[in-house]
Amino acid sequence: MSGITRTHYCTEISAVNQGQTVTLTGWVDTRRDHGGLVFIDLRDRTGIIQVVISPDINPASFDKAGEVRSEYVLAVVGKVSQRPEGTVNPNLATGEVEVLVDEMRILNRAKTPPFYIEDGVEVDENLRLRYRYLDLRRPEMQQTMMLRHRAGRSVREFLDQHGFLEIETPMLTRSTPEGARDYLVPSRINPGRFYALPQSPQLYKQILMVAGMDRYYQMARCFRDEDLRADRQPEFTQIDIEMSFVQVEDILPLMEEMIARLCRETIDLEITASFPRLTYQEAMDRFGSDKPDTRFGMEIKDITDVAAGCGFKVFASAAQGGGQVRCINATGCAGMSRKDIDDLAKFAAIYQAKGLAYMIVNGDGIKSAITKFFNDSELDTIRERLDAREGDLLLFVADKPDVVAAALGALRLHLAERLEMIPKNKYNFLWVTDFPLFDYDEEEKRWVAMHHPFTSPREEDMPLLESDPGRVRAQAYDMVLNGIEIGGGSIRIHRREMQETMFAALGLTGEEAQEKFGFMLDAFEYGTPPHGGIAFGFDRLIMLLAGRKTIRDVIPFPKTQSATDLMNMAPGGVDNRQLKELHIKLDIKEKK
RNA sequence: GGAGCUGUGGUGUAGCGGUCUAACAUGCCGGCCUGUCAAGCCGGAGAUCGCGGGUUCGAUUCCCGUCAGCUCCGCCA
């Protein structure tokens with residue numbers, strides 16, 4: 001690079017620079033060699049510009065251009081020139097101009113890449129991840145990283161302007177019961193003891209409130225050793241926020257404002273900064289999900305009352321035994337084949353639904369194997385409730401409420417996608433509130449915290465804590481965008497007695513609570529302000545703003561579904577000396 | 001822990017019991033070419049069909065297992 005200094009990024013050149021001598025650097029996107037004249041599309045992170053290498057300008061550079069190949073790294077010095085008439089390329093931001101190259105330096109050569117460095121590639125993800133540095137070179141990936149950067153900056157600026165302090169919390173912390181599996185880090189200095197990487201900075205941020213920091217935020221890296229999904233990575237980033245002296249009504253509007261600003265400053269999207277709110281119960285009833293996608297209808301309707309008295313045993317027994325009979329209207333699907341419907345039943349079975357009953361609405365009325373179990377007025381009621389018209393297909397699930405919700409909720413999404421009912425470029429933000437405080441764990445036969453054990457119950461439900469935990473509602477809220485949970489938080493418990501009651505409800509003995517959370521309980525005795533907060537899944541947010549289907553596309557170095565990094569092959573083995581220092585012996589069962 | 005989908009030259013696909021001595025596109029290599037922009041034209045190289053086993057006279061094709069990636073259930077306070 002000696003003697004060469006870049007003067008512009010590729011797309012900073014326009015007709016304004018005509019006649020100027022500029023120095024550009026970048027990668028060879030494509031080379032078009034006409035024998036007597038060579039065109040090179042030079043690419044940097046801003047985009048592409050055409051440079052022209054002609055023997056009439058500099059024969060030495062022209063000779064060199066012959067050996068240039070894709071992805072070679074170049075520096076070119078030349079004059080900006082208006083393109084000759086008829087050769088303007090309207091598809092290129094810099095299409096009106098070109099750079100007539102005088103000096104050209106090949107800064108580095110490149111092997112032929114294993115896939116094309118261009119957008120919209122459908123390459124095996126194996127390859128993309130193995131050669132992530134090439135994948136990240138693709139324009140859409142670079143733009144995603146820039147979007148991510150702008151998003152982070154927008155959030156930081158907003159929070160700074162609202163008096164939040166960015167404070168770091170430890171990555172080496174301690175394992176706590178409840179919640180996801182921890183990633184453990186052995187302590188060399190303390191044999192047999194382990195740190196845990198944080199699942200979230202929950203306890204630290206609450207302690208910061210006790211410490212009087214008043215308003216905290218952090219772009220926090222979090223770690224959870226659980227199975228992966230398209231929107232779940234073992235290592236991810238949260239916008240972590242906590243505030244003192246607040247109630248739900250202080251937090252939600254502020255967060256709406258933050259997200260509205262984020263949308264404006266990243267993808268130029270204007271959204272109404274007052275999101276619809278649904279209670280958890282309402283969301284489950286209408287959409288079968290605690291993160292409903294409201295971009296389309298096809299809501300779930302209840303016909304348990306009608307089914308209770310009908311002659312169809314499956315329905316009647318579910319309705320009478322504390323279960324539900326609910327249905328959705330797959331509008332216009334009356335023409336589905338028997339096999340199509342069987343496939344839908346198989347799909348519902350994934351969610352433990354034992355069957356999928358259906359009725360076809362045609363010109364003569366309702367056609368179905370189960371019609372005979374209903375009288376005319378019952379059929380009319382069903383039709384009315386589902387707003388069923390000729391050509392519709394009604395799908396029923398009868399089961400326990402959670403199975404009905406899961407199956408119909410999933411079916412609703414599945415059908416909407418298949419029927420292309422989901423409008424593009426629609427961003428439906430909403431809040432889900434009043435979550436249950438507890439969830440019953442059938443395996444462990446005990447109550448577990450639905451959000452986390454530090455969530456405050458709603459005041460009017462506090463008397464139920466011991467008598468009827470299942471009915472206690474939490475001061476918890478999730479922000480949902482297009483059917484994906486992008487953030488969640490709560491008002492926290494800030495009194496020792498309440499926290500102890502909570503631990504007891506979760507089945508922790510006093511000793512266990514003291515051992516694991518003693519510092520927290522102690523802290524609560526030294527003047528803890530009422531506080532609450534929220535954490536956003538930053539990766540998920542970026543994924544949605546970037547219109548991607550997986551957070552792997554917005555994380556620079558993601559892991560595969562089996563939690564490995566195909567570029568550096570992490571996790572890797574370590575040598576015995578390291579293990580010995582850590583006082584660790586392996587006990588691996590050989591696969592036969 | 002479980003279910004499903006995918007795996008064929010560098011890349012993306014076709015072929016789904018035998019004319020497969022594996023096709024097409026693109027990329028790659030060489031030649032020609034001074035206005036292209038997915039440059040063009042001509043020529044060439046490049047694949048033990050993910051791996052292992054089985055069925056069969058014969059397997060890229062069918063079956064079983066296995067590995068890898070993906071999607072999902074469980075799991076994810």
Side-chain angles (χ1 to χ4, degrees), chain A residues 29-42 48-57 62 69-71 81 83-92 94-95 98 100 111-118 120-131 134 176-182 199-200 202-203 222-234 236 343 346-353 406-407 410 413-414 435 437-439 441-443 447-455 474 476 485 488-490 502 506 535 537 549-550 552 559-562 564 566 591-592:
Chain A
D29 194 68
T30 49
R31 182 187 66 126
R32 292 176 293 279
D33 187 344
H34 287 232
L37 190 66
V38 176
F39 298 96
I40 288 174
D41 288 340
L42 193 68
I48 277 172
I49 188 168
Q50 169 167 287
V51 302
V52 187
I53 303 113
S54 161
D56 305 342
I57 304 170
F62 179 74
R69 293 293 180 270
S70 285
E71 300 308 314
S81 167
R83 289 199 188 188
E85 219 181 307
T87 66
V88 167
N89 184 350
N91 301 319
L92 224 54
T94 54
E98 59 193 8
L100 307 175
K111 284 166 78 170
T112 303
F115 51 86
Y116 306 115
I117 311 299
E118 64 185 26
V121 289
E122 281 172 41
V123 192
D124 189 47
E125 204 154 336
N126 261 319
L127 267 185
R128 289 181 57 199
L129 293 173
R130 182 166 158 211
Y131 297 96
L134 296 179
T176 53
E178 307 274 314
R181 290 187 191 88
D182 287 313
Q199 296 175 27
S200 84
Q202 184 60 37
L203 293 172
C222 304
F223 305 85
R224 293 177 192 177
D225 187 6
E226 294 293 345
D227 287 356
L228 291 80
R229 288 284 191 282
D231 62 355
R232 271 164 37 189
Q233 282 275 308
F236 62 99
D343 285 346
K346 267 186 216 156
F347 180 82
I350 295 172
Y351 304 89
Q352 310 309 317
L413 291 174
H414 179 73
F435 278 82
L437 188 63
F438 300 104
D439 207 7
D441 188 323
E442 295 289 349
E443 268 178 42
W447 293 100
V448 295
M450 195 162 200
H451 185 54
H452 58 52
F454 315 105
T455 302
E485 178 201 329
S490 61
M502 183 72 185
L506 294 170
K549 285 199 167 64
T550 156
R552 291 189 302 279
K559 305 239 179 333
T560 66
Q561 191 157 46
S562 48
T564 61
L566 292 181
K591 268 192 187 173
K592 75 162 183 69

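Here is the naming used below: chain letters follow the sequence lines, and residue numbers restart at 1 for every chain.
- Separating the CG atom of A/D231 from the C1' atom of B/C75 is a distance of 13 Å, rounded to the nearest angstrom.
- Taking only side-chain atoms of A/T550, from C-beta outward, the nucleotide of B/C75, B/U71, B/G69 with the closest atom is B/U71.
- Rounded to an integer number of Å, the gap from A/D33 CG to B/G40 P is 13 Å.
- Within the 4.0 angstrom heavy-atom criterion, only backbone atoms of the sugar-phosphate kind lie near A/E122; the bases stay farther away.
- Considering only side-chain N and O atoms, A/R32 lies nowhere under 4.0 angstrom from the phosphate OP1 or OP2 of B/U36.
- Remark: P of B/A68 and CG of A/L129 are 15 Å apart, rounded to the nearest angstrom.
- Contacts of A/S490 with the nucleic acid, taken as non-hydrogen atoms under 4.0 Å apart, are absent.
- A/D56 comes within contact range of at least one nucleobase, with a heavy-atom separation under 4.0 Å.
- The distance between atom CD of A/E443 and atom P of B/G1, rounded to the nearest whole Å, is 14 Å.
- Atom-to-atom, CZ of A/R31 to P of B/A38 comes out at 16 Å; the value is rounded to the nearest Å.
- A distance of about 36 Å separates the P atoms of B/G46 and B/C5, rounded to the whole Å.
- In this entry B/G52 has B/C64 as its Watson-Crick or G-U wobble partner, both defining distances falling under 3.5 Å.
- The residue A/E98 sits close to a base: some heavy atom pair falls under 4.0 Å.
- Pair assignment for B/A3: B/U71, on the basis of Watson-Crick or G-U wobble contacts that are both within less than 3.5 Å.
- Across all strands shown, A/T87 has heavy atoms under 4.0 Å from base atoms, whether or not it also approaches the sugar-phosphate.
- Residue A/N126 is classed as a sugar-phosphate contact, given heavy-atom separations below 4.0 Å to backbone atoms only.
- Here B/A23 sits opposite B/U13 as a Watson-Crick or G-U wobble pair (both hydrogen-bonding atom distances under 3.5 Å).
- Backbone-only engagement by A/Y351 is indicated by non-hydrogen atom pairs under 4.0 Å involving sugar-phosphate atoms exclusively.
- Within 4.0 Å (heavy atoms only), A/I48 reaches no atom of the nucleic acid at all.
- Contact annotation for A/E125: backbone-only contact, meaning every heavy-atom pair under 4.0 Å involves sugar-phosphate atoms and none involves a base.
- Note on A/R69: every side-chain N or O is 4.0 Å or more away from OP1 and OP2 of B/G27.
- When rounded to the nearest whole Å, the span between CD of A/E118 and P of B/A25 equals 18 Å.
- One can find a donor-acceptor pair under 3.5 Å joining the base of B/C37 and the side-chain atoms of A/R83.
- Base-pair partner of B/C37: not found among the strands shown (Watson-Crick or G-U wobble, both distances under 3.5 Å).
- For B/G12 and B/G27, the C1' atoms lie 11 Å apart once the distance is rounded to whole Å.
- Regarding A/K346, its NZ atom lies at a distance of 10 Å from the P atom of B/G4, rounded to whole Å.
- In terms of phosphate contacts, A/R232 brings no side-chain nitrogen or oxygen within less than 4.0 Å of OP1 or OP2 of B/C70.
- A/P453 comes within contact range of at least one nucleobase, with a heavy-atom separation under 4.0 Å.
- The CZ-C1' distance, from A/F347 to B/C73, rounds to 11 Å in whole Å.
- No donor-acceptor pair under 3.5 Å is formed between the side chain of A/S490 and the backbone N or O of A/A476.
- Within 4.0 Å (heavy atoms only), A/R552 reaches sugar-phosphate atoms of the nucleic acid but no base atom.
- In plain terms, the two heavy atoms of A/F454 and A/L203 that are nearest each other are CZ-CD2, 3.4 Å.
- Nucleotides B/A23 and B/U60 place their P atoms 15 Å apart, quoted to the nearest Å.
- Comparing the P positions of B/A38 and B/C51 gives a spacing of 38 Å, expressed to the nearest Å.
- Between the side chain of A/E98 and the backbone N or O of A/S81, no donor-acceptor pair lies under 3.5 Å.
- For A/C222 against A/S200, the heavy-atom pair with the smallest separation is SG-CA, 3.8 Å.
- Scanning all heavy atoms of the two residues, the minimum distance from A/F438 to A/L506 falls at CE2-CD2, 3.7 Å.
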Item to check | Residue pair A/R32, A/Q50: steps toward the side-chain contact (heavy atoms from CB on, under 4.5 Å) verdict | outcome: CA-CA 10 Å; A/R32 292 176 293 279; A/Q50 169 167 287; 2.9 Å; yes
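- A salt bridge does not link A/D227 to A/R232: none of the charged nitrogens lies less than 4.0 Å from a carboxylate oxygen.
- A gap of 14 Å separates the C1' atoms of B/A59 and B/C64, to the nearest Å.
- Here, B/C67 and B/G31 have their C1' atoms 44 Å apart, quoted to the whole Å.
- Distances shorter than 4.0 Å separate none of the side-chain N or O atoms of A/S562 from OP1 or OP2 on B/C70.
- Searching all strands for a Watson-Crick or G-U wobble partner of B/G30 with both distances below 3.5 Å returns B/C42.
- Stacking between A/H34 and the base of B/G35 is absent under the criterion of ring centres within 5.5 Å and planes under 30 degrees.
- For B/C41 and B/U26, the P atoms lie 9 Å apart once the distance is rounded to whole Å.
- Across all strands shown, A/F115 has no heavy atoms under 4.0 Å from either base or sugar-phosphate atoms.
- Across every non-hydrogen atom of A/P113 and A/E71, the tightest pair is CG-CG, 3.8 Å.
- A/D124 comes within 4.0 angstrom of sugar-phosphate atoms only, judged by non-hydrogen atoms across all strands, and of no base.
- Of the P atoms belonging to B/U55 and B/G10, the separation is 32 Å, rounded to the nearest Å.
- Nearest approach of A/Q199 to A/E178, heavy atoms of both residues: NE2-O, 4.4 Å.
- Within the 4.0 angstrom heavy-atom criterion, only backbone atoms of the sugar-phosphate kind lie near A/V123; the bases stay farther away.
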